[in-house]
Amino acid sequence: MAPSSRARLSIDLDALAHNYHAIAAEAAGAETAPVVKADGYGLSAGPIARRLWAEGARTFFVARLAEGEALRRELDHRAARILVLDGFTAECGPRLCASGLMPVLNSVEQVAAAIAFAAGLDAPLPCALQADTGMNRQGLAPGQAQALAGSGGLAGLTVDLVMSHLGSGAIPDHPRNRQQLAAFREIRALFPAAQASLAASAGAFLGPDYRFDLVRPGISLYGGGPTERPDPRLRAVARLEAPILDIRQLSAGDYVGYGTTIQTDHATRVALVGAGYADGVIRASRRSGQAWAAGALRRLYIVDMDLTVVDLGDGEAAPGDMVELLGPHALLDDLAHAAGSIAHECLVRLSSRAQRIYLGSETTQTA
């Protein structure tokens, strides 16, 4: 395919900076520590983290050890604190130390492995402890955290941060949030010298009770609303556009694409757009999903591997015109809802096939 007909993914670093400051204002008094796991939610962690550093971020979270090592290289000389959510095994200890990464310990076994490794070091090993306050995913049970705090069972470790994760933060009035908050307060009291963190993107918008010392925004940095709906306080960071390859006239009752599940109910014109699920447009978003074409939001008929068919209706368009499949008009949370998914999945599925364009400097601070 010629370069002129290639899809393009624009990543707006100025919008990213805007979102960072919007979240920081919402969580005033707490440190705002970006989550850049999964390669910056699919948008490339290096440029993302360098711009966030320029905006004032000093602590970053990744999921995997290899992500932390890569981020340390991308940040070069910058003295960022980088935490690895996966935790600790004996084999990873030397690599964590070599790259100056901090493990988040999630189980008694990980704590024991970290203590054993720290015994051979000249100084205590900095770490974070994650407690499970009701999400039933990663983290020490409250009783386990209490036992470690009360028995001196953290010899050789320096606990810099104690953290947990809200399971229902996107539903502000859900009673589970208050239950987890109460449980976390009890655990936080066991480690008074450590920073405390409960809130990720959704929790950062729940009010001062949930802020503690540090918030960990992820999806909202990239434009996803804290309640899984578009939020006017946040801007779209990713914009996926693809060219119209052809325009076809369909009659009422015509089938579109494979099989017989998609059928027109009226005569219309459709645009064949040069991007599909190989580019990250989730196939399940057909029918109720929308793209921005010819100056309006227009229905998706089908999403194939390389093509998406969009109902143009009476819109004026021509081959070569660009259609926005994701961006400031075709909003991330709306696409996720149409696909029966969440904004996180829509972003991390964006592939490398589209031409990537970074808008805004990696180092310019916004006013």
Side-chain angles (χ1 to χ4, degrees), residues 4-20 22 38-44 47-48 51 201 218-226 228-245 271-301 303 306-313 315-317 320-339 341-360 366:
S4 60
S5 34
R6 186 179 177 187
R8 62 179 179 237
L9 176 63
S10 302
I11 299 160
D12 188 341
L13 298 177
D14 290 340
L16 174 77
H18 168 88
N19 294 344
Y20 172 79
D39 197 22
Y41 282 55
L43 303 181
S44 298
I48 294 290
R51 180 57 184 267
S201 283
I219 191 60
S220 289
L221 283 172
Y222 311 103
E228 299 182 2
R229 296 192 298 271
D231 190 302
R233 293 169 289 187
L234 303 172
R235 296 178 184 171
V237 173
R239 184 179 188 182
L240 179 64
E241 301 170 285
I244 294 175
L245 304 180
L272 279 64
V273 180
Y277 56 76
D279 303 278
V281 185
I282 298 179
R283 183 173 182 268
S285 63
R286 62 185 187 174
R287 298 192 189 214
S288 59
Q290 295 181 304
W292 182 261
L297 284 171
R298 303 185 187 276
R299 171 190 174 185
L300 303 184
Y301 268 120
V303 179
D306 310 300
L307 296 169
T308 296
V309 176
V310 176
D311 186 355
L312 282 177
E316 292 296 327
D321 291 353
M322 299 299 281
V323 171
E324 180 188 298
L325 298 160
L326 171 68
H329 300 100
L331 295 173
L332 177 60
D333 285 299
D334 288 339
L335 176 63
H337 180 76
S341 185
I342 55 176
H344 312 58
E345 183 180 9
C346 292
L347 285 184
V348 300
R349 282 180 176 267
L350 294 171
S351 78
S352 60
R353 185 160 71 169
Q355 176 189 11
R356 292 200 169 203
I357 302 169
Y358 288 87
L359 306 176
T366 56

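Sequence positions, counted from 1, serve as the residue numbers for this chain. Just so it is clear, the structure is predicted and the values come from calculations on it, not from any experiment.
- Between V281 and S285, the shortest heavy-atom contact is CG1-OG, 4.2 Å.
- D231 CG to D333 CG: the interatomic distance, rounded to the nearest 0.5 Å, is 8.5 Å.
- The two residues A238 and L43 make their nearest non-hydrogen contact at CB-CD2, 4.0 Å.
- Nearest heavy atoms, M322 versus R6: CE-O, 4.3 Å.
- Between atom CH2 of residue W292 and atom CG of residue L331 there is a gap of 10.0 Å, rounded to the nearest 0.5 Å.
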Let me see the working for R229 and D334 under salt bridge (charged side-chain N to carboxylate O under 4.0 Å, His left out), right down to the final yes or no.
CA-CA 7 Å; R229 296 192 298 271; D334 288 339; over 6 Å; no

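- With contacts defined as side-chain heavy-atom distances shorter than 4.5 Å, the pair L13/I48 qualifies.
- Rounding to the nearest 0.5 Å gives a distance of 11.5 Å between CZ of R235 and CG of L16.
- For G223 against N19, the heavy-atom pair with the smallest separation is N-ND2, 3.6 Å.
- Residues L300 and T308 have side chains in contact (heavy-atom distance under 4.5 Å, counting atoms from C-beta outward).
- Side chains of P226 and R233 form a contact here, defined as non-hydrogen atoms less than 4.5 Å apart.
- Residues L325 and E241 form no side-chain contact, since every pair of their non-hydrogen atoms from C-beta on lies 4.5 Å or further apart.
- A distance-only check finds no donor-acceptor pair linking the side chain of D39 to the backbone of G42 [under 3.5 Å].
- Taking 4.5 Å as the limit, some side-chain heavy atom of I11 sits within range of a side-chain heavy atom of V237.
- Between L350 and V348 there is no side-chain heavy-atom pair separated by less than 4.5 Å.
- We find that R353 and D279 are joined by a salt bridge, their nearest charged nitrogen and carboxylate oxygen being less than 4.0 Å apart.
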Test side-chain contact (heavy atoms from CB on, under 4.5 Å) applied to I342 and E228, step by step
CA-CA 7 Å; I342 55 176; E228 299 182 2; 4.1 Å; yes

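- Rounded to the nearest 0.5 angstrom, C346 SG and I219 CD1 are separated by 8.5 Å.
- Using cut-offs of 30° and 60° for the angle between ring planes, the H344 and Y41 rings count as tilted.
- Looking at heavy atoms from C-beta onward, I282 lies in side-chain contact with R349 at the 4.5 angstrom threshold.
- Taking 4.5 Å as the limit, some side-chain heavy atom of Y358 sits within range of a side-chain heavy atom of S44.
- Separation of atoms CG (L245) and CG (D321) is listed at 11.5 Å; rounding is to 0.5 Å.
- Side-chain atoms of D311 never come within 3.5 Å of backbone atoms of R299 as a donor-acceptor pair (strictly under, hydrogens ignored).
- Taking each heavy atom of L347 and L326 in turn, the nearest pair found is CD2-CD2, 4.3 Å.
- When all heavy atoms are compared, the tightest approach of A278 to D306 is CB-OD1, 4.3 Å.
- A distance of 9.0 Å separates CG in L240 from OG in S10, rounded to the nearest 0.5 Å.
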Please test V323 against R298 for side-chain contact (heavy atoms from CB on, under 4.5 Å), starting from the C-alpha separation and ending with a verdict.
CA-CA 10 Å; V323 171; R298 303 185 187 276; over 6 Å; no

